[in-house]
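Reviewing the structure listed below.
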Protein chains: 2
Amino acid sequence: MSSETAFISALRNLASSTAARGLMDDAAVLNVGGADLVLTMDTVVESVHFLPDDPAQDVAWKLVAVNASDLSAKGASPLGCLYSHALGEDAWDTAFLEGLAEACRHFTLPLLGGDTVRMPEGAPRSFSLTALGQGPEGTEPPARTMARPGDIVWVSGTIGDSGLGLGILLGTRAATGPEADWLKARYRRPMPLTPLGPALAPYVHAMMDVSDGLLVDLSRLAAASAVGARIDLGAMPLSPAYSALAGTTREARMKAACAGDDYVLLFTAPAQNTVHIEAIAKAMGGAVRALGTIGADAGLHLTCEGAEIPLPTHLGYEH
Amino acid sequence: MSSETAFISALRNLASSTAARGLMDDAAVLNVGGADLVLTMDTVVESVHFLPDDPAQDVAWKLVAVNASDLSAKGASPLGCLYSHALGEDAWDTAFLEGLAEACRHFTLPLLGGDTVRMPEGAPRSFSLTALGQGPEGTEPPARTMARPGDIVWVSGTIGDSGLGLGILLGTRAATGPEADWLKARYRRPMPLTPLGPALAPYVHAMMDVSDGLLVDLSRLAAASAVGARIDLGAMPLSPAYSALAGTTREARMKAACAGDDYVLLFTAPAQNTVHIEAIAKAMGGAVRALGTIGADAGLHLTCEGAEIPLPTHLGYEH
């Protein structure tokens, strides 16, 4: 058990309020004045969550986008955000605010408050954002724990783009041209289709966003629900850019399924809701795809083109 | 204009939602489901907001206390908090969680969620906390802007203790013994009497907490309300420990009025509410004291023992 795992386990003991959902979900759900308030907080740190030479506008965009994605995954409509800014150089900070303004507009997440702090000389930049949303009408915000045997497993968009973009940015993968640019932008400016979450919420059982990698996130969802999952990597949607640069082989698909920062929705739903789900996604421009099914037996099982595939050692970004 | 001031001014342009209160108040006020939700976020950074050798438990306590104080100043009853933890050494982090648990219990601010992040080697510790509260029944959360000419200016506790405690900790002031220990504890473990804010809210006009120093905070409150204030430093309550170590001279009083981290309430109220205010404070153990009055003319005017006193160059911690 890593020290981070031990620390989070100690935190969970502390967070005994039902609103905390045992710190096992993407967000807290607090009932206030008859409404479900959905709350999430994410911090990004230079050299950990973003690269020192990432444009400031993109860092701000990502900070807003990842929180907006968490709200969407709980079926919540955005209400606003508070954020804490560690002051650095003026020009960088000004560019950051431009990106923040753009992202707050795009994700309809107005800035309500926060804090600005000075940092000691040489400290890495770090920014925290708390986003608030209002839970879906007439249904509980979907949790990771709500998957049931027989459910279909869905994703709402292409997998692996951001991970490949990061590889290109880091130089571990050589690529240039419009596809490479598009993939780099997917890493720097995640584009979760946030209105999809609230629209889908009444039709799903479990829902979360894919942030650490499809396989690791699906295994967490299954474990939280005390069920198992069987998915077909061949059904996993890949973007034209990903396919062009990495191919569509089993190995390319496995790499995509273990890469992080996708910020698409991963959800399970009863088979009879398929028509509704596909209609909603079509109306909103989301590319939903059924990947497999939930079963009563624990564990994650993969197939590709009809063959069973062993699980990789690392399912994604584990912490 | 400092670059921090310029940055905050740019932020204010961004925060155009009425819930943001122009980023001029201690907290945002968002109406959700018919209830006023009060939201505040504060970050503490090592070597900026706390000393590297401050006990971890006290750092956590302060993080919760300063946010609880902001909620109280808006008349809000605590609902819960989310916090972001920058992981460091295991023993320090474990001690931090002990202090966090203790403070969350003390201030009735249950932990609902948050984030834990790894930091690059050598980075200063930093922690952000977002606190949520429910606004007072039947009245708007009191803003800084609501002072009116004729109001009495009140504080809810002794002034200057934390600032003197910090001086002792930094060694700029030599002192030992029980009074010195008590003052150091006031810096490390602020003890805002948080239930007082919600109880007082129906009887006050403007309210805020004193965090940067009585004079600078009062001047901000007056400016936000487009009024002025006249207060008697002689009426300002000093603790027995402060009086014993620093005396009660005009100079000692001025020093206290310019020191930060008091975390008591500063509020203005019509004279006819005095009886209610004193009765509430007495019932809750708060030491409220009337310091002076609000007038129509802008500016801050000080007296002590009947004499006019010029304003000091630095009113407190300005940023």
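Every chain is numbered from 1 and lettered A, B, ... according to where its sequence line falls, protein lines coming before strand lines. It should be emphasised that the depicted structure is a prediction, and the values quoted were computed from it without experimental measurement.
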Problem set entry | Interface residue of largest heavy-atom contact number with chain A, from B/G22, B/G122, B/S17, B/P120, under 4.5 Å | B/P120
Seminar exercise, completed: Counting heavy-atom pairs under 4.5 Å with chain B, the top scorer among A/V48, A/D25, A/T18 is A/V48
Problem set entry | Closest non-hydrogen atom pair, A/P141 against A/K74 | CB-O, 3.3 Å
Exercise. Do the two ring centres, one from B/W61 and one from B/F107, sit under 6.0 Å apart?
Worked result: yes
Problem set entry | When A/Q134, A/M41, A/E46 are compared by non-hydrogen pairs under 4.5 Å with chain B, the top option | A/M41
For this session: Measure from the side-chain N and O atoms of A/S225 to the backbone N and O of A/A147, and report whether any donor-acceptor pair falls under 3.5 Å.
Result: yes
Exercise. Contact part of B/A35 toward chain A, heavy-atom cut-off under 4.5 Å: side chain, backbone, both or neither?
Worked result: side chain
Exercise. Is there a donor-acceptor contact under 3.5 Å linking the side chains of A/T40 and A/D70?
Worked result: yes
Problem set entry | Best-contacting candidate, B/D115, B/L111, B/V117, B/L23, against chain A by heavy atom pairs under 4.5 angstrom | B/D115
Seminar exercise, completed: Interface check, chain A: of B/S16, B/C104, B/S128, B/G80, most non-hydrogen pairs under 4.5 Å belong to B/S128
Exercise. Among side-chain atoms of B/D93 and B/H85, is any donor-acceptor pair under 3.5 angstrom?
Worked result: yes
Problem set entry | chain B contact via A/L82 - which portion, at a heavy-atom distance below 4.5 Å | both
Problem set entry | Positive for salt bridge (Lys or Arg N to Asp or Glu O under 4.0 Å) with B/R144, one of B/D26, B/D209, B/D217 | B/D26
Exercise. Tell me, side chain or backbone of A/L97 under 4.5 Å from chain B's heavy atoms, or both, or neither?
Worked result: both
Problem set entry | Segment of A/L11 engaging chain B (4.5 angstrom heavy-atom cut-off) | both
Exercise. Salt bridge check: are B/R189 and B/E102 linked by an N-O gap of less than 4.0 Å?
Worked result: yes
For this session: May I ask you to check whether A/S72 and A/T194 show a side-chain donor-acceptor distance below 3.5 Å?
Result: no
Exercise. Where does B/S126 contact chain A at under 4.5 Å (heavy atoms): side chain, backbone, both or neither?
Worked result: side chain
Problem set entry | Most contacts with chain B, counted as non-hydrogen pairs under 4.5 angstrom, among A/D42, A/D36, A/V29 | A/D42
Problem set entry | Which portion of A/P110 sits near chain B, non-hydrogen atoms under 4.5 angstrom | side chain
Exercise. Which atom pair, heavy atoms only, marks the closest approach of A/A28 to A/A20?
Worked result: CB-CA, 4.5 Å
Exercise. Tell me, side chain or backbone of B/L30 under 4.5 Å from chain A's heavy atoms, or both, or neither?
Worked result: side chain
For this session: Could you tell me which portion of A/D90 (side chain, backbone, both or neither) has an atom closer than 4.5 angstrom to a non-hydrogen atom of chain B?
Result: side chain
